[in-house]
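Before any comments, here is the structure.
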Amino acid sequence: MHPRPDGGLQADIVVLSRAPRAIELREVIGQWDDGAVTEAAARQFGAGGVKVVILADGGDGAQPANLLVPSDHWSAGRVYELQEAGAPRHLRGAQVVRHGEDFVRVTFEWVTPGA
């Protein structure tokens with residue numbers, strides 16, 4: 001909301017997505033990542049989960065694939081696994097579109113597992 005010179009208020013509304021999806025992704029642990037947990041153990045025990053909002057999956061071409069992710073879980077190139085209706089899908093964070101107080105809006109690309 002912004003004040004206008006005439007004393008009124010002006011509201012700007014931005015539509016981020018027509019069909020957002022709130023989901024939980026699992027951070028994929030790379031072969032050379034530091035830490036004591038292996039990828040197999042993380043998968044078995046559900047470790048590394050992060051709640052995100054997928055704003056667009058890039059499937060319709062209307063806007064690039066992008067999502068909202070908590071700032072503390074963002075790192076360029078990080079790979080996440082989405083388990084949904086059968087076989088898991090993987091996505092890799094690409095670049096920051098916008099920083100918020102506790103989240104970042106980032107573009108992503110779908111990748112094949114292990115890529």
Side-chain angles (χ1 to χ4, degrees):
M1 305 232 8
H2 307 284
R4 292 191 320 222
D6 65 3
L9 293 175
Q10 176 179 334
D12 295 325
I13 298 173
V14 177
V15 177
L16 297 177
S17 176
R18 296 196 193 293
R21 294 184 347 193
I23 59 171
E24 186 167 352
L25 299 176
R26 188 183 62 77
E27 296 177 27
V28 175
I29 298 172
Q31 181 179 1
W32 308 112
D33 285 348
D34 291 335
V37 179
T38 66
E39 173 62 15
R43 182 184 303 269
Q44 181 177 358
F45 297 109
V50 58
K51 291 181 170 89
V52 304
V53 177
I54 293 182
L55 298 172
D57 67 5
D60 65 3
Q63 64 176 312
N66 67 99
L67 57 84
L68 299 174
V69 62
S71 301
D72 57 339
H73 288 277
W74 165 249
S75 177
R78 180 171 283 163
V79 177
Y80 299 91
E81 180 180 80
L82 166 63
Q83 184 70 42
E84 193 175 59
R89 295 177 72 188
H90 289 82
L91 60 90
R92 177 182 300 127
Q95 71 182 89
V96 173
V97 175
R98 183 173 186 171
H99 285 275
E101 288 184 34
D102 58 352
F103 71 92
V104 289
R105 182 175 180 184
V106 300
T107 59
F108 69 89
E109 61 183 348
W110 294 104
V111 296
T112 55

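Shortest non-hydrogen contact noted between P64 and A56 is O-CB, 3.7 Å. Closest approach of G77 to R92, counting heavy atoms only: O-CG, 3.4 Å. Closest heavy-atom contact between M1 and L9: CE-CD1, 3.4 Å. Here the closest heavy-atom approach between residue S71 and residue F103 is recorded as OG-N, 3.2 Å. Here the shortest heavy-atom pairing between D57 and F108 reads CA-CZ, 4.1 Å. D72 approaches R78 most closely through the heavy-atom pair O-NH1, 4.5 Å.
Between atom CG of residue L68 and atom CZ of residue R98 there is a gap of 10.5 Å, rounded to the nearest 0.5 Å.
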Using the rule given for side chain to side chain contact (heavy atoms under 4.5 Å, CB included), can you reason through L91 versus L25, listing the C-alpha separation, both sets of side-chain angles and the distance that settles it, and then say yes or no?
CA-CA 9 Å; L91 60 90; L25 299 176; 4.2 Å; yes
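With Y80 as the partner, the side-chain contact (heavy atoms from CB on, under 4.5 Å) test is satisfied by one option alone out of E24, H90, H73: H73.
Considering only heavy atoms from C-beta on, V96 comes within 4.5 Å of V106 through its side chain.
Note on W110: it clusters hydrophobically with L67, by side-chain heavy-atom contacts below 4.5 Å among ILVMFWY residues.
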